[in-house]
Amino acid sequence: MAAYEWFARPRNYELELQQKSLQSQLTLSHPLRGITVTEIRSTDAKGTPARGSKAVATDDFVDPLSGGLDPLSADGGVSLAFEGADPLSRLAAEAETVVKPRSNSSKKDDGNDDNMDESFEPWSAKKAGILAKYTTSEKLSITTSFLSAGDKEKVVIKAQQQVTVTDKGSVKEMMNLSQQEYVKRIEELNQALISAWDQDQRVKSLKIAIQCSKLLADTSVIPFYPSKFVLITDILDTFGRLVYDRLREKAQYFPSGSIKPVRLPDNFTPADVPESAKETCRNWFFKIASIRELIPRFYVECAILKSYNFLSTGEHAEALKRLAVMTRGIGDPLVSVYARCYLLRVGVQIAPGIRDHVLPCFDDFLTSFVQVQGDSVQNILATQKLEMPQYLTLFSPALDWILQCLAYHASEVTLTTTLDKCKLHCNNALLLNSIMSAFHPQFIANRALHFTELIRDCEDTGFPKHLLHQTLGRCLAMADPPEEQKLNVLNEVWKAVVKLKNPGDYIACAEVWIEFVVKHFGRREVNTVLADIIKHMTPDRAFEEHYPRLQSVVIKILTHIYNFSQLFALEKFLPFLDMFQRESIKVEVCKNVLEAFSRHQQEPVNDPVVINAMMFLSKTVHDSVNALTLDDEKRILGVFCVLLLDSVNSLSMETRSVVKGSHSRKTAAFVRACAAYSFITIPSLQSVSAQLQLYLVSGQVALVNQCFSQADAFFKAAISRIPELPRTLDMEGKVRSSEPLLVEYLSNLVSTLLITPDNPDTGVLYLLRGLLNILQDYTWDQNSDSRILVYVRVLAVLSAYSQEQYIYHADKVDSNDAMYGSDPKFLAEVKSVGDTLLNQILSHLKTLSSPEATAAFPNLNAENIYLQSRLAQYVRTKAGSGEKGFLLLLSHLKTDA
């Protein structure tokens, strides 16, 4: 017989509930209403307060969330005054009124400025795209006197050629460089400039900046020029920043009466700059003015243009206009447009409010653009075997920047003026494309039909018109044209698009314009466009080369069509999906559709077409899982399984609701089929914790639907999976122990087992005994009290098992209280399990009698004193000589309780 016995005391649940319920009390005032203090003073006959009168004391409590006023029930819905608002509203109001101080420091900002709002795309956002787009496989050369010491090493390139180094006095020319080697040499020049500056070799740094600028006059490999411009101007930006920081450092001054120099403030004026620093600044500009060649003189002065802050407040405007005129001396149209681009980029950085030089730069570009048809440019293109369309696209980054500066915060009048100038000088496709990219999309949308006419009539000098249609489509995706223009715009554009013979050009336009069609037109128009895409992309299996754009079409359709009955009613939608024949792409597209369905479909689906289509897509995703599938992909696919399982369980509960818990033969068969589906689907999930939760939920659903054998199978499967639960779980990016979750899960499970009737073929408390056997062998954390806490909660359930009537039931399910009717043999079995658990709990408590053991289990002492004391009340001890210390511990536990 056990040393200690467990007895379940009878419980009257209704009486206990009444004893724990708090008495309600009627209140006549709003609990959040501000407290009003009324001071009552005694007065004499004349109304004068008498001496010795006292104010009535009131509660000085003030609600911290409302500042004395209820923010949710202000009279008449009137906004609260600032002083009476809650702290969160007050902080928000304060944040809106705070104006952050501006800084004029010389930090590197890549051409952007705090004064430019988010509608202005900074140069830093454009650089990566330029470097990625404008590449070359041609061999490059670089001429400079500051090549590294290892330059004469032989570098093997793809064609098994070698880098040739030619010495011309102090100048070295490296030829036959690959693009990668060229970029590496440019970076070496940047490091050489910084190194020379750090060693106080200012002249050497200036010479490096000059020689870098000279590289921008070289157009020997034209396709690489935009990328070369980005690389070189980064070096010039570094040089300009070094000069500015050096001048500011030299401009320290001594306040009156002070022997410690003070650095210039961020918002300094030329009046704050000492004359010595101004003289140094002038010397820099004099040195640059003595550079004989135009291009390096222009670029280096632009690089240090910010240093005019030390000389005069009005110098920036004059310098920018002078440099704008200087670009007229650059003969090559490509080199000149990038020079103007750099000038405007510097202007945005140092003086965003000055714009007098912007329009002349654009006008000069229009005047000089006719040179692209001249003999000089044509000879260069012939020599380098470059087609005119490719050459014209090289202008786009610089021209886009110039027009962005021109269009920034401009009105529609500016757009009209710009278009008129284009018609007068050159109605060119390249220019029209940049105009649509630069001006506000709503301005373009307001005259969308006019732009379709401009595109139709513009000079086709080699710039592809399908790029114009793409740009117009992007504008109309961001802004809506007038209602009366929508159909005409679509007809005009699509007439040109359907004539495109190249599948790549065609799908690039269709990808953009499908969004316009889906947003503004109905099912017929969308179906027509999908049919046309299939027609153009099917011959010669052209779709295989353009899967990303085709997938983008699907995503844009799913973004705007939420009704899946209408979506699958499109005759050409499923045939469009059939074009995705590469397995990986097809699975991705199916995932896109399933994700959109789970995100937008809120109502039950009865459409058999939709159900069949979704089952097909789900099967495609499911069949893609194999031994090589990554765990992350399996987890993503598991989300769909969870959604399906949740839907199946919901379907079972809805069926139960319809029949009001009384199943017919057909409905009983249906809910059993649902349970069978869940049982065979849950093992496909990768997460053990997800499996445990779904086994429990599905078992509960089966139980309330009187599917007893299915419920037993779910609970048994859940119990068998407990040992496989990982000891740690990744929760919110942190690795945490799984035991707290396991304790809560087991509490839910044993609470469910209370109302689960025993299977007559398996014996009393079969499932609970199996659970306890699993927990006995489970590897618990030695420094945790989780196992004992679970046992205590099982004891509470055993106490409920022993009552004549259980505390809760499932409707139309006879639990063990009805099956056994408080049979003595059943109660004896319950008591036997309780005795075993009690002795294990008390054995664990004995380990707490020493200070060392108590320190090892702080949680049990701190959090579960009440549970221990309740256990002590159930204990009937048999005195023994070795138990005095333990009995003393129990007496303390009773006292603490």
Side-chain angles (χ1 to χ4, degrees), residues 111 209-210 212-219 222 225-226 228-229 232-233 236 240 285 288-305 308 314-351 354-381 391-392 394-407 414 417-418 420-428 430-431 434-435 438 461:
I210 293 172
C212 288
S213 301
K214 288 182 179 180
L215 296 176
L216 292 175
D218 176 25
T219 57
I222 296 183
Y225 191 87
K228 180 166 67 172
F229 171 80
I232 298 299
T233 52
L236 295 174
F285 284 105
I288 293 170
S290 64
I291 300 174
R292 292 190 298 272
E293 298 180 41
L294 172 62
I295 289 179
R297 183 167 73 251
F298 169 83
Y299 272 103
V300 178
E301 183 175 354
C302 287
I304 70 166
L305 205 59
Y308 276 120
E315 194 67 31
H316 282 141
E318 294 299 324
L320 288 169
K321 287 193 291 185
R322 174 173 51 81
L323 290 169
V325 174
M326 189 184 298
T327 58
R328 297 174 182 173
I330 302 175
D332 190 295
L334 184 66
V335 177
S336 65
V337 73
Y338 276 94
R340 296 182 179 103
C341 171
Y342 186 63
L343 175 64
L344 296 188
R345 185 161 75 79
V346 172
V348 167
Q349 178 182 356
I350 65 172
I354 299 176
R355 303 176 56 84
D356 294 341
H357 61 294
V358 177
L359 187 58
C361 283
F362 177 67
D363 291 340
D364 290 342
F365 165 77
L366 292 178
T367 303
S368 62
F369 187 68
V370 294
Q371 295 176 349
V372 299
Q373 299 297 335
D375 294 339
S376 176
V377 172
Q378 294 298 324
N379 292 335
I380 294 175
L381 297 183
Y391 174 69
L392 290 178
L394 302 178
F395 285 79
S396 293
L399 184 55
D400 288 347
W401 183 265
I402 293 173
L403 279 165
Q404 180 181 225
C405 295
L406 179 65
T414 306
T417 304
T418 304
D420 292 341
K421 289 182 178 180
C422 294
K423 291 180 181 179
L424 179 63
H425 289 83
C426 55
N427 188 18
N428 185 268
L430 168 68
L431 190 55
S434 294
I435 290 174
T461 56

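Everything quoted here is computed from the prediction, not taken from an experiment.
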Using the side chain to side chain contact (heavy atoms under 4.5 Å, CB included) definition, which of the options V348, L343, I350 pairs with V346? I350
Is it true that a side-chain atom of Q349 and a backbone atom of L344 form a donor plus acceptor pair closer than 3.5 Å? no
Heavy-atom distance under 4.5 Å between the side chains of P333 and F395, does that happen here? yes
Between P296 and I291 the two heavy atoms that sit nearest each other are CG-CG2, 4.0 Å
N/O donor-acceptor pair under 3.5 Å between R340 side chain and P360 backbone: no
Interatomic distance, I232 atom CD1 to K214 atom NZ [nearest 0.5 angstrom]: 13.0 Å
Does a side chain donor of either E301 or Y308 reach within less than 3.5 Å of an acceptor in the other side chain? yes
Nearest heavy-atom contact between Y299 and S213 is CB-OG, 3.6 Å
Test your reading of the model: is there a side-chain donor-acceptor pair from K228 to the backbone of L215, 3.5 Å cut-off? yes
Does N379, at its CG atom, have more than 12 non-hydrogen atoms belonging to other residues, nucleotides or ligands within less than 6.0 Å? yes
Go through the steps for T327 and S336 under the test side chain to side chain contact (heavy atoms under 4.5 Å, CB included), then give the verdict. CA-CA 6 Å; T327 58; S336 65; 5.5 Å; no
Do any N or O atoms from the side chain of Y225 and from the backbone of L216 form a donor-acceptor pair under 3.5 angstrom? yes
Is there a donor-acceptor pair closer than 3.5 Å between any side-chain N or O of S434 and the backbone N or O of L431? no
Angle between ring planes, F369 versus F365, binned at 30° and 60°: parallel, tilted or perpendicular? tilted
